[in-house]
Amino acid sequence: MATTESFLSNAQNLQKFLTLDQRGKIMAEYIWIDSEGGTRSKSRTLDEKEGGYTPDDLPIWNFDGSSTGQAPGDNSDVYLKPVSVFPDPFRLGGNILVLSECIDNDGNPNKYNFRHETAKLMEAHAVHEPWFGLEQEYTLLDLNDRPYGWPKNGFPAPQGPYYCGVGAGKVVQRDIVEAHYRACLYAGVKISGTNAEVMPAQWEFQVGPCLGIEMGDHLWLARFLLHRIAEEFGAKVSVHPKPIPGDWNGAGLHSNFSTKEMREEGGMKYIEAAIEKLGKRHAEHIAVYGEDNEKRLTGKHETGAIDQFSYGVANRGCSIRIPRECAAKGYGYFEDRRPASNADPYQITGIIMETCFGAV
């Protein structure tokens with residue numbers, strides 16, 4: 001396994017090449033979501049453009065979908081349609097990251113493209129000005145899939161000192177977390193914070209508030225950056241709800257949601273009306289709220305049971321939590337605590353909009 005010293009040496013050797021003149025060209029890293037909810041990417045060279053590129057300026061590209069589980073081998077081309085552009089925190093300069101939708105060769109969205117329909121919902125219901133914030137929990141693993149800082153045999157001491165912890169023996173891999181935070185800020189991702197979580201080697205970052213489809217775009221870009229930075233340190237990122245057996249909290253992707261009506265005086269009636277609608281479609285939400293979520297939503301560790309819907313004020317054991325401050329003011333937002341950490345943000349935000357305002 002590579003050592004920290006070797007990674008530092010490699011970074012120092014690479015640095016002298018990163019400052020070379022690109023002679024009027026830029027590198028565009030096209031990023032997409034594969035069939036297993038991971039990110040993939042490939043690079044291409046483009047001419048520099050005064051004022052920079054927008055998604056509409058960028059060429060549609062393609063990739064071999066049979067190698068990513070997104071197309072059969074006898075008809076493998078999948079097209080990459082640019083939808084959002086970010087500055088590249090790795091290559092710097094005018095180089096860019098290009099988040100893309102996957103489109104089949106017949107012009108229809110690929111079956112794993114959940115953005116396409118969600119974008120329609122956001123546009124159809126734009127008058128409500130939906131704001132989302134997602135809290136992404138994850139675990140950092142070594143190359144043997146063991147959480148960093150855990151003893152070679154057995155488990156760490158019970159949870160308690162790790163949440164928002166400071167100090168050796170309480171938190172590990174803060175360097176990855178700090179690098180990710182800075183990279184997100186440079187790229188323009190609306191990252192709003194980060195903290196250590198209740199299990200050693202488990203962390204969380206928050207993205208938002210974001211308007212409409214921007215939520216999924218920024219969360220996916222933040223995920224890409226996290227995996228890419230962890231790669232530099234020889235680490236893995238797990239967003240599985242329960243990456244390690246044992247009596248530990250599962251990892252979630254809690255969704256904070258509000259509309260213009262909810263954020264104004266008297267908004268509590270709109271919050272309560274939305275929660276009532278969510279309760280009637282509980283099973284449909286759970287179906288798209290992440291794989292293996294039953295291992296997390298057990299009714300223990302401040303979670304609701306997966307087969308029951310509940311809500312309450314300041315109650316972290318409910319499906320839906322209304323913050324106490326919002327209840328006191330009578331307006332604000334609510335938190336859907338059901339999504340697992342591996343859920344797709346487009347599916348989360350899409351079904352919330354569909355449930356509250358109707359299908360397109």
Side-chain angles (χ1 to χ4, degrees), residues 1-34 38-65 67-68 77-102 138 140 142-143 148 173-191 194 203 205 207 214 217-237:
M1 183 183 297
T3 64
T4 301
E5 290 75 16
S6 68
F7 284 118
L8 290 173
S9 176
N10 288 340
Q12 291 165 354
N13 289 334
L14 176 63
Q15 190 60 41
K16 59 188 176 185
F17 296 103
L18 296 180
T19 58
L20 293 176
D21 186 357
Q22 294 181 197
R23 299 184 180 278
K25 303 291 184 179
I26 68 164
M27 291 174 278
E29 191 76 9
Y30 279 58
I31 301 161
W32 71 95
I33 299 125
D34 66 17
T39 52
R40 308 266 184 150
S41 73
K42 57 189 292 193
S43 306
R44 69 180 296 170
T45 304
L46 299 173
D47 292 326
E48 280 185 353
K49 182 177 181 295
E50 186 175 353
Y53 283 90
T54 68
D56 290 338
D57 299 327
L58 289 162
I60 290 176
W61 205 11
N62 62 75
F63 66 93
D64 172 17
S67 295
T68 65
D77 282 359
V78 178
Y79 294 99
L80 292 169
K81 177 186 176 184
V83 294
S84 195
V85 181
F86 300 84
D88 188 335
F90 305 107
R91 292 166 169 159
L92 305 178
N95 302 302
I96 56 176
L97 304 176
V98 182
L99 188 66
S100 305
E101 279 192 24
C102 294
Y138 63 94
L140 291 169
D142 63 24
L143 296 183
Y148 278 100
Q173 304 303 101
R174 193 184 290 274
D175 45 2
I176 293 177
V177 175
E178 289 291 311
H180 176 248
Y181 203 162
R182 297 296 184 94
C184 284
L185 291 173
Y186 179 91
V189 171
K190 292 186 175 179
I191 187 169
T194 186
W203 292 83
F205 65 87
V207 175
E214 181 183 63
D217 292 350
H218 282 237
L219 197 282
W220 270 116
L221 202 283
R223 282 178 170 177
F224 168 81
L225 292 175
L226 180 59
H227 284 275
R228 178 66 178 76
I229 287 165
E231 170 193 322
E232 300 268 350
F233 289 86
K236 289 178 164 183
V237 178

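Sequence positions, counted from 1, serve as the residue numbers for this chain.
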> Stepwise, does the side chain to side chain contact (heavy atoms under 4.5 Å, CB included) test hold for Gln22 with Met27?
Replying inline: CA-CA 9 Å; Gln22 294 181 197; Met27 291 174 278; 3.5 Å; yes
>> Would Val237 and Leu140 count as a side chain to side chain contact (heavy atoms under 4.5 Å, CB included) here? Give the steps.
In response: CA-CA 5 Å; Val237 178; Leu140 291 169; 4.0 Å; yes
> Given the rule in the side chain to side chain contact (heavy atoms under 4.5 Å, CB included) test, do Phe90 and Leu225 qualify, once you have shown the distances and angles that lead to the verdict?
Replying inline: CA-CA 9 Å; Phe90 305 107; Leu225 292 175; 3.6 Å; yes
>> Before you tell me yes or no, could you show the steps for Val98 and Tyr53 under side chain to side chain contact (heavy atoms under 4.5 Å, CB included), namely the whole-Å CA-CA distance, both residues' side-chain angles and the distance that decides it to 0.1 Å?
In response: CA-CA 10 Å; Val98 182; Tyr53 283 90; over 6 Å; no
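Atom SG of Cys102 and atom CG of Asn62 lie 11.0 Å apart (nearest 0.5 Å). Here CH2 of Trp61 is found 8.0 Å from CG of Leu80. Values are rounded to the nearest 0.5 Å. Atom CG in Leu46 sits 5.0 Å away from atom CD1 in Ile26 (nearest 0.5 Å). The CZ atom of Phe233 lies 6.0 Å from the CD1 atom of Ile176; values are rounded to the nearest 0.5 Å. Taking OG of Ser41 as the reference point, atom CG of Leu99 lies at 11.5 Å (rounded to 0.5 Å). Between Phe205 atom CZ and Leu226 atom CG the span is 6.0 Å, to the nearest 0.5 Å.
With contacts defined as side-chain heavy-atom distances shorter than 4.5 Å, the pair Tyr138/Val177 qualifies. Contact of the Thr68 side chain with the Val78 side chain is not registered, since no non-hydrogen atoms from C-beta on lie closer than 4.5 Å. At a threshold of 4.5 Å between non-hydrogen side-chain atoms, the residues Leu18 and Leu92 do not count as touching.
Residue pairs meeting the salt bridge (charged side-chain N to carboxylate O under 4.0 Å, His left out) criterion with at least one member in residues 10-30, sequence neighbours excluded: Lys25-Asp47, Glu29-Arg91.
In plain terms, the two heavy atoms of Asp217 and Phe86 that are nearest each other are O-CZ, 4.4 Å. Heavy-atom minimum distance, Ala187 versus Pro87: O-CD, 3.1 Å. Summarising the geometry of Ser100 relative to Tyr30, their closest heavy-atom pair is OG-CD2, 3.6 Å, with the distance given to 0.1 Å. Scanning both residues, Pro82 and Pro55, for their nearest heavy atoms gives O-CB, 3.6 Å.
Side-chain atoms of Lys49 do not come within 3.5 Å of backbone N or O of Thr54 as any donor-acceptor pair. For His180 (side chain) and Ala230 (main-chain N/O), no donor-acceptor pair under 3.5 Å exists by modelled atom type.
Stacking of Arg40 on the aromatic ring of Phe63 is not recorded, the 6.0 Å distance cut-off and the 45° axial limit not both being met.
Residue-environment remark: CZ (Arg182) stays at or below the threshold of 12 foreign heavy atoms within 6.0 Å. Heavy-atom contacts from other residues, nucleotides or ligands closer than 6.0 Å to NZ of Lys190 number more than 12.
Residue Trp220 is tested with Ile33, Val189, Val207 for a side chain to side chain contact (heavy atoms under 4.5 Å, CB included); the sole match is Ile33.
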